[in-house]
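Worksheet: one structure, shown below.
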Amino acid sequence: MRNFTSVHDIEDLNVALEKAKWVKDNPYANQDLGKNKTLLLIFFNSSLRTRLSTQKAGYNLGMNVIVLDINQGAWKLETERGVIMDGDKPEHILEAIPVMGAYCDIIGVRSFAQFENKKDDYNEVILNQFIKYSGKPVFSMEAATRHPLQSFADLITIEEFKKTDCPKVVLTWAPHPKALPQAVPNSFAEWMNATDYEFVITHPKGYELEESFVGNAKVEYNVEKAYKGADFIYAKNWSPYNDPNYGKVISKDRDWTVDSKKMALTNNAYFMHCLPVRRNMIVTDAVIESSQSIVIQEAANRVVSAQTVLKEILLGLA
Ligand code: CP
């Protein structure tokens, strides 16, 4: 594997899941693989889980790890070509990226959608510049349209907890005070569509995801119907994809909050969320604190997904 930006970089999902299981059972077995190799993690946006789990994954593989928060201590970066740089951004990303590439062997990038230009967001302008100009393998730590390390961890978690071969997995929109990107639901949908699971997406009208991500999923606007018989409820807020509301908040309807009443409609479903989660907006205290909540196990599997991917990239370097 050279770069990892989506499920399409995984040749065979079942093989990837077997590799992940092996990594989870043998976390320190490949310490020589990363010896004298440097992992550079670049954050344009905040993080708790991705930062810690990817660092841990690098250390488990024997790598040196450098973390850079672009907005805290680095020069502010200009990202547009052709701009007269007489403003507050002293460095251009076209110099910064190859310089960063010169200091490492693998680069992880977190760069969210900016909601200024949908075309730029959906063309993954920042991530693709790292791929083009760094000269090094690049993996996404959540980009504008996808969060593949999260989705891989989600899939690993579902495989660990599922009670039938083809569980019913429901991705539900839930309210949030701010406009959030579509990266997590897009990516989750893409990974679920790559499985044999029964996959349903439920959200209020106006929150349709881009159709290539929806794929073969059933879209159900009636939230109670969607929950019925579900084995997993995966909650997430996102902002609308379609114009004219791209990246805006058009509903804060708390009827969509995951609560015990709706969970009672399910097949004793497990509750999942990528975190961080706003309690009593996205999910009630009672549901997230219940025995069916597997959000901590899900977050813990972020080390496994990151380590599995990093190992494959390292093997590609050898
Ligand atoms: N789920 C996730 O990516 O968490 P962070 O934003 O804290 O990294």
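Order of appearance sets the numbers: ligands from 1, and atoms from 1 within every ligand. For reference, positions follow the sequence shown, starting with 1.
In this structure, Lys236 fails the cation-pi test against Phe188, since its NZ or CZ atom is not both closer than 6.0 Å to the six-membered ring centre and inside 45 degrees of the ring normal.
Heavy-atom proximity to atom 3 (O) of ligand 1, evaluated over Gln150, His147, Arg49, is greatest for His147.
By the 3.5 Å distance cut-off applied to N or O atoms, Arg51 is not counted among the residues near ligand 1.
Looking at Ile158 and Tyr234, their side chains never come closer than 4.5 Å, going by heavy atoms from C-beta outward. Between Lys262 and Val258 there is no side-chain heavy-atom pair separated by less than 4.5 Å.
Taking the six-membered ring for Trp, Phe115 and Tyr246 have ring centres closer than 6.0 Å.
Heavy atoms of Val184 found under 4.0 angstrom from ligand 1: none, in either backbone or side chain. With a heavy-atom cut-off of 4.0 Å, Met141 does not touch ligand 1 at all. The residue Glu298 has no part lying near ligand 1, judged by heavy-atom distances below 4.0 Å.
Between the side chains of Asn301 and Glu160, at least one donor N or O lies within less than 3.5 Å of an accepting N or O. In this structure, a donor-acceptor pair under 3.5 Å is absent between the side chains of Gln182 and Thr145.
Ion pairing between a basic and an acidic side chain is recognised when a charged N comes within 4.0 Å of a carboxylate O; Lys76 and Glu91 show no such pairing.
Residue-ligand proximity, Cys274 to ligand 1, at heavy-atom distances under 4.0 Å covers atoms 1 (N). Close contacts of ligand 1 with Leu48, meaning ligand atoms under 4.0 Å from a residue heavy atom, involve 5 (P), 7 (O), 8 (O). Residue Arg302 approaches ligand 1 through these ligand atoms, each under 4.0 Å from one of its heavy atoms: 1 (N), 2 (C), 3 (O).
Scanning all protein heavy atoms for the shortest distance to atom 6 (O) of ligand 1 gives Arg110 NH1, 2.9 Å.
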